[in-house]
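Structure first, then comments.
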Amino acid sequence: QVQLVESGGGLVRAGGSLRLSCVASGRTFNSYAVGWFRQAPGKEREFVAGISRSGGITRYADSVKGRFTISRDNTKNTAYLQMNSLKPEDTAVYYCAATTSLRMEVTKSAYVYWGQGTQVTVSS
């Protein structure tokens with residue numbers, strides 16, 4: 001079992017940057033692939049980015065490709081989401097999630113463990 005805590009959200013102007021962090025409890029962080037999801041008001045939670053257990057494989061939603069970068073540091077039990085060139089449509093609560101699946105999962109049902117979320121607001 002793993003517990004996840006996100007941080008790093010906030011208010012930023014369009015074109016700005018933020019880096020989200022997801023700290024995991026336990027000593028088996030490298031047993032989990034990690035995904036970042038987001039949920040805007042009135043919308044479904046959607047996949048943003050995912051990273052494999054070792055960090056060697058990443059995947060992005062088309063809407064963030066080229067602007068967001070997911071990474072992880074297994075020595076620190078931490079995953080990151082670097083968000084650049086932010087747009088107002090990126091405004092959402094961002095969630096970190098973990099899965100033991102060996103596949104690069106993009107559906108929220110594949111992720112068992114979730115953090116509490118961190119708010120990102122991008123003003124125009």
Side-chain angles (χ1 to χ4, degrees):
Q1 192 169 356
V2 63
Q3 292 182 325
L4 305 171
V5 178
E6 305 97 331
S7 63
L11 174 63
V12 64
R13 288 189 176 182
S17 298
L18 284 173
R19 188 175 81 156
L20 306 183
S21 297
C22 171
V23 179
S25 64
R27 286 180 267 183
T28 59
F29 183 58
N30 58 6
S31 298
Y32 299 90
V34 173
W36 284 96
F37 289 75
R38 67 186 181 187
Q39 188 167 17
K43 294 189 176 182
E44 291 288 319
R45 192 171 299 189
E46 64 175 1
F47 174 81
V48 174
I51 189 165
S52 62
R53 300 176 180 196
S54 67
I57 300 172
T58 58
R59 186 167 176 179
Y60 298 91
D62 288 343
S63 59
V64 306
K65 205 170 292 183
R67 300 187 299 121
F68 290 11
T69 303
I70 189 171
S71 61
R72 65 189 297 163
D73 184 342
N74 287 340
T75 65
K76 297 181 178 178
N77 281 10
T78 303
Y80 305 96
L81 185 68
Q82 177 67 44
M83 305 185 295
N84 298 329
S85 302
L86 282 161
K87 304 175 181 180
E89 51 263 44
D90 294 318
T91 294
V93 177
Y94 283 71
Y95 298 90
C96 171
T99 176
T100 56
S101 173
L102 296 178
R103 297 172 51 179
M104 177 55 65
E105 303 286 354
V106 300
T107 58
K108 55 184 183 291
S109 60
Y111 289 81
V112 177
Y113 305 104
W114 292 84
Q116 82 290 347
T118 185
Q119 176 70 47
V120 171
T121 303
V122 185
S123 64
S124 57

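Everything quoted here is computed from the prediction, not taken from an experiment. Excluded from the calculations below are hydrogen atoms, water molecules and symmetry mates; all remaining heavy atoms, backbone and side chain alike, are included.
- Using a 30° and 60° split on the angle between ring planes, Tyr113 and Tyr32 fall in the perpendicular class, above 60°.
- The shortest side-chain heavy-atom distance between Leu81 and Arg38 does not fall under the 4.5 Å cut-off.
- Both Val48 and Met83 are part of a single hydrophobic cluster, where members link through side-chain heavy atoms under 4.5 Å apart.
- Counting only heavy atoms from C-beta outward, the side chains of Val93 and Arg45 never approach each other to under 4.5 Å.
- In this structure, Glu6 and Gln116 have side chains that are in contact, with non-hydrogen atoms separated by less than 4.5 Å.
- Under the 4.5 Å side-chain criterion, counting only non-hydrogen atoms from C-beta, Thr91 is in contact with Gln119.
- Remark: side-chain polar atoms of Ser25 are paired, donor with acceptor, to backbone N or O of Gln3 under 3.5 angstrom.
- To the nearest 0.5 Å, atom CZ of residue Arg53 and atom CE of residue Met104 are 11.0 Å apart.
- The backbone N or O of Ala110 lies less than 3.5 Å from a partner atom in the side chain of Thr99, making a donor-acceptor pair.
- Taking the side chain as every heavy atom from C-beta outward, Cys96 and Trp36 approach each other to under 4.5 Å.
- Proximity of Tyr95 to Lys108: side-chain heavy atoms (C-beta onward) are nowhere separated by under 4.5 Å.
- For Ser52 against Gly56, the heavy-atom pair with the smallest separation is OG-N, 3.2 Å.
- Using a 4.5 Å heavy-atom threshold, the side chains of Tyr111 and Phe37 count as touching.
- Contact detail for Ala98 and Val2: the closest heavy-atom pair is CB-CG1, 4.2 Å.
- A donor-acceptor distance shorter than 3.5 angstrom exists from the side chain of Arg72 to the backbone of Phe29, with no hydrogens or angles considered.
- The distance from atom OG of Ser85 to atom NZ of Lys87, rounded to the nearest 0.5 Å, is 8.0 Å.
- Leu18 and Phe68 end up in the same hydrophobic cluster when Ile, Leu, Val, Met, Phe, Trp and Tyr side chains are linked at under 4.5 Å.
- Residues Ser17 and Asn84 come closest through the heavy atom pair OG-OD1, 2.9 Å.
- A pairwise comparison of heavy atoms in Val34 and Ala79 identifies CG1-CB, 3.9 Å as the closest pair.
- Within 6.0 Å of atom CZ in Arg67, more than 12 heavy atoms from other residues, nucleotides or ligands are found, so the atom counts as buried in its surroundings.
- The line from CG of Asn77 to OG1 of Thr28 is 8.0 Å long, rounded to the nearest 0.5 Å.
- In this structure, the separation between CD on Glu46 and CD on Gln39 is 9.5 Å, given to the nearest 0.5 Å.
- Residues Ile51 and Tyr60 share a hydrophobic cluster, clusters being chains of Ile/Leu/Val/Met/Phe/Trp/Tyr side chains in contact below 4.5 Å.
- The pair Lys65-Asp62 meets the salt-bridge criterion, since a charged nitrogen lies less than 4.0 angstrom from a carboxylate oxygen.
- For Ile57, the CD1 atom counts as loosely surrounded, since its 6.0 Å shell holds 12 or fewer non-hydrogen atoms of other residues, nucleotides or ligands.
- Leu20 places a side-chain heavy atom less than 4.5 Å from the side chain of Val120.
- Closest of all the heavy-atom pairs between Ala14 and Ser124 is CB-CA, 4.3 Å.
- Separating the OG1 atom in Thr69 from the OH atom in Tyr80 is a distance of 14.0 Å, to the nearest 0.5 Å.
- To the nearest 0.5 Å, atoms OG (Ser21) and CD (Gln82) are separated by 9.5 Å.
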